[in-house]
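Everything below concerns the one structure shown next.
Not measured: the values here are computed from a predicted model. A, B, ... follow the sequence lines: proteins, then strands. Residue 1 opens every chain.
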Amino acid sequence: MKNHVLRPLFAVIGIIVLVLAARIFYVPKDFGVHERGYMYGWYRKANIEDWKKVQVKYQGAEYCKDCHDKNYGAIKKSPHQNIQCENCHGPAGTAEGIVHFDSDKLPKLTVDKSRQQCLRCHYPLPYPSSGRSKIKGIDPDKHNPDIECSMCHNPHHPNLEGMR
Amino acid sequence: MITRRDFLKKTVTIAGVAVPLAAFEIIDPEKLFAQVAAEKTKVRWVFLVDTYKCVGCGFCVKACKNENEVPYDANVTRTWVERYVLTKDGRLFADTPKGARDGFATTRIDLGLGKYQDIKKDNIEKAYFVPKLCNQCENPPCVQVCPVGATYQAPDGVVLVDRTWCIGCGYCIMACPYGVRFFHPVHHTAEKCNFCYHRITKGMKTACVEACAFGARKIGNIKDPNDPVTKIIRTERVGVLKSEFGTKPQAFYIGLDEEVR
């Protein structure tokens, strides 16, 4: 074959070799075909561990129980018993890895006392075949529109007998 | 003129070059055994949603966004709750304002583009809420289309995204028939629900399951016959979303209605 054909051919082969060589260094050792084969299991295995390391923020009511036993006991006897503390008080952990109790900094949690927070469930929606229609609701425009719900209703014991 | 000899020579050369290198791959018995072992893994995460129990409070969406560091005010979310209202005159309305992050505190349906539709109580034939999240499909189309191997299925069935590997091409976002994928506004990579992988692998429940006060959401291991979720899926009437796509979704719904898409 003529020289003018071979020269670009060598250049192309050179580039391919270069890419293959670079690939050896750039692609991590654990990148490849794993359990589920080429179609679903072609990945970098260490990434599974990366995801496991994400900081847990919501710790659950059991985490709050020991120090805040009074409020924990109260809410567990109320119709709100299944609502997690952190749904209103905010997550006990932060993305930076500080967890409320374990840290000497004890991050202060911000309580959501907004009317919006209560209306999530207590805005009346007359929807048959949904549990929503069975929850007691109020018209937020008529029921003391300017004050927080917690002024009258204790969210840990929301029936008015338990009024503070 | 091409001679017969030349013709045969060239044909063989071209055919030889055309054979892919993969054809010479020797089957590695170790890999083969790993594949067989994967079939026998003890964990396969599945999700169960009871739409009768959901009241549309949106605590699950709030918890998910906080737990998984999805910017709170950006209009993207890993999980969301849809409201369906069917009227007596045969019309269907569905909305999920902000993914129901703040719940549904209005009877007005958000039609989008700043338009709202109020529906009178007497005109409601049926209405309900449907929580949505990644189905962690057995045949995930989002994984098939990834050109760089950045999204994959972990051995326990959860589909994960490798943020260091994702090039942000968006193929997976287009491929998902359920629309659960989006671009993360901070990381600029594909983002999706991963069943709170950092929680379930520590024996905790997902943030949405824990935040749900009504038991509408449950997570379980379908390979454990004693798991309460497995028992419900095996013995009760459950449905999945868009089964016609052949994706084998692993989020099961109790009380799934025809109108739900």
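With a 4.5 angstrom heavy-atom cutoff, B:Phe214 touches chain A only via side-chain atoms. Using a 4.5 Å cut-off between heavy atoms, A:Pro91 touches chain B through its side chain atoms alone. With a threshold of 4.5 angstrom between heavy atoms, A:Asp141 does not approach chain B through any atom at all. For chain A, the nearby part of B:Thr201 is the side chain; its heavy atoms alone come within less than 4.5 Å. For B:Asn139, the parts sitting under 4.5 Å from any heavy atom of chain A are the backbone and the side chain alike.
Taking every heavy atom of both residues into account, B:Ala127 and A:Ser129 meet most closely at O-OG, 3.6 Å. For A:Asn82 against B:Ala213, the heavy-atom pair with the smallest separation is CB-O, 3.2 Å. Closest approach of B:Met204 to A:Gln59, counting heavy atoms only: CE-O, 4.5 Å. Contact between A:Val56 and B:Lys202 at its shortest, heavy atoms only, is CG2-NZ, 4.1 Å. Closest heavy-atom contact between A:Gln117 and B:Phe59: NE2-CE2, 3.2 Å. The shortest heavy-atom contact between B:Gly149 and A:Phe31 is O-CE1, 3.7 Å.
Between chain A and the residues B:Glu125, B:Arg163, B:Lys53, the largest count of heavy-atom pairs under 4.5 Å involves B:Arg163. Ranked by heavy-atom pairs shorter than 4.5 Å toward chain A, the options B:Val158, B:Val148, B:Thr164 are led by B:Val148. Heavy-atom pairs under 4.5 Å with chain A peak, among B:Ala216, B:Gly103, B:Ala105, at B:Ala105. Ranked by heavy-atom pairs shorter than 4.5 Å toward chain B, the options A:Leu119, A:Ile48, A:Ile83 are led by A:Ile48. Per-residue heavy-atom pair counts under 4.5 Å with chain A were compared for B:Ile200, B:Thr51, B:Thr106, and the maximum is reached by B:Thr106. No other option in B:Gly58, B:Ala63, B:Gly56 has as many heavy-atom pairs under 4.5 Å with chain A as B:Ala63. Per-residue counts of heavy-atom pairs under 4.5 Å with chain A were compared for B:Gly255, B:Ala100, B:Ala154, B:Pro140; the largest is that of B:Pro140. Ranked by heavy-atom pairs under 4.5 Å with chain B, the list A:Lys134, A:Lys52, A:Met39 is led by A:Lys52.
With rounding to the nearest 0.5 angstrom, the CH2 atom of A:Trp42 is 12.0 Å from the OG1 atom of B:Thr151. Atom-to-atom distance recorded for B:Cys57:SG and A:Ile135:CD1 is 8.0 Å, nearest 0.5 angstrom. Note that the NZ atom of B:Lys62 and the CG atom of A:Asn87 stand 7.0 Å from one another [nearest 0.5 Å]. From B:His198, atom NE2 reaches atom CD of A:Gln55 across 8.0 Å, with rounding to the nearest 0.5 Å. Summarising the geometry, atom OG1 belonging to A:Thr94 is positioned 9.0 Å from atom CD belonging to B:Glu69; distances are rounded to the nearest 0.5 Å. How far OH of A:Tyr58 is from CD of B:Glu67: 7.5 Å, rounded to the nearest 0.5 Å.
Judged by distance alone, with hydrogens and angles left aside, the side-chain atoms of A:Lys57 form no donor-acceptor pair with the main-chain N or O of B:Asn68 at under 3.5 Å. Proximity of a side-chain donor or acceptor of A:Trp51 to a complementary backbone N or O of B:Val161 within less than 3.5 Å is detected. A donor-acceptor contact shorter than 3.5 Å links the side chain of A:Gln116 to the backbone of B:Asp102.
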**Q.** Full working for side-chain hydrogen bond (donor to acceptor under 3.5 Å, both in side chains) between B:Tyr128 and A:Arg132
**A.** CA-CA 8 Å; B:Tyr128 47 85; A:Arg132 180 63 170 258; over 6 Å; no

Q: Evaluate side-chain contact (heavy atoms from CB on, under 4.5 Å) for A:Tyr40 paired with B:Val159, printing each intermediate quantity in order.
A: CA-CA 9 Å; A:Tyr40 302 119; B:Val159 175; over 6 Å; no

Q. Can B:Asp162 and A:Lys45 be said to form a salt bridge (charged side-chain N to carboxylate O under 4.0 Å, His left out), step by step?
A. CA-CA 10 Å; B:Asp162 186 343; A:Lys45 193 130 201 172; over 6 Å; no

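Taking the centre of each ring, A:Tyr43 and B:Trp165 stay at or above the 6.0 Å mark.
Within 6.0 Å of the NZ atom in A:Lys76, the count of heavy atoms belonging to other residues, nucleotides or ligands exceeds 12. Residue-environment remark: OH (B:Tyr52) stays at or below the threshold of 12 foreign heavy atoms within 6.0 Å. Within a 6.0 Å radius of NZ in B:Lys88, more than 12 heavy atoms belonging to other residues, nucleotides or ligands are found.
Under the 4.0 Å criterion applied to side-chain N and carboxylate O atoms, A:Arg36 and B:Glu138 are assigned as salt-bridge partners.
A:Arg120 forms no cation-pi arrangement with B:Phe104, by the criterion of a distance under 6.0 Å to the ring centre and an angle within 45° of the ring axis.
Annotation: side chain of B:Ile124 is in contact with side chain of A:Tyr127 (closest heavy-atom distance under 4.5 Å).
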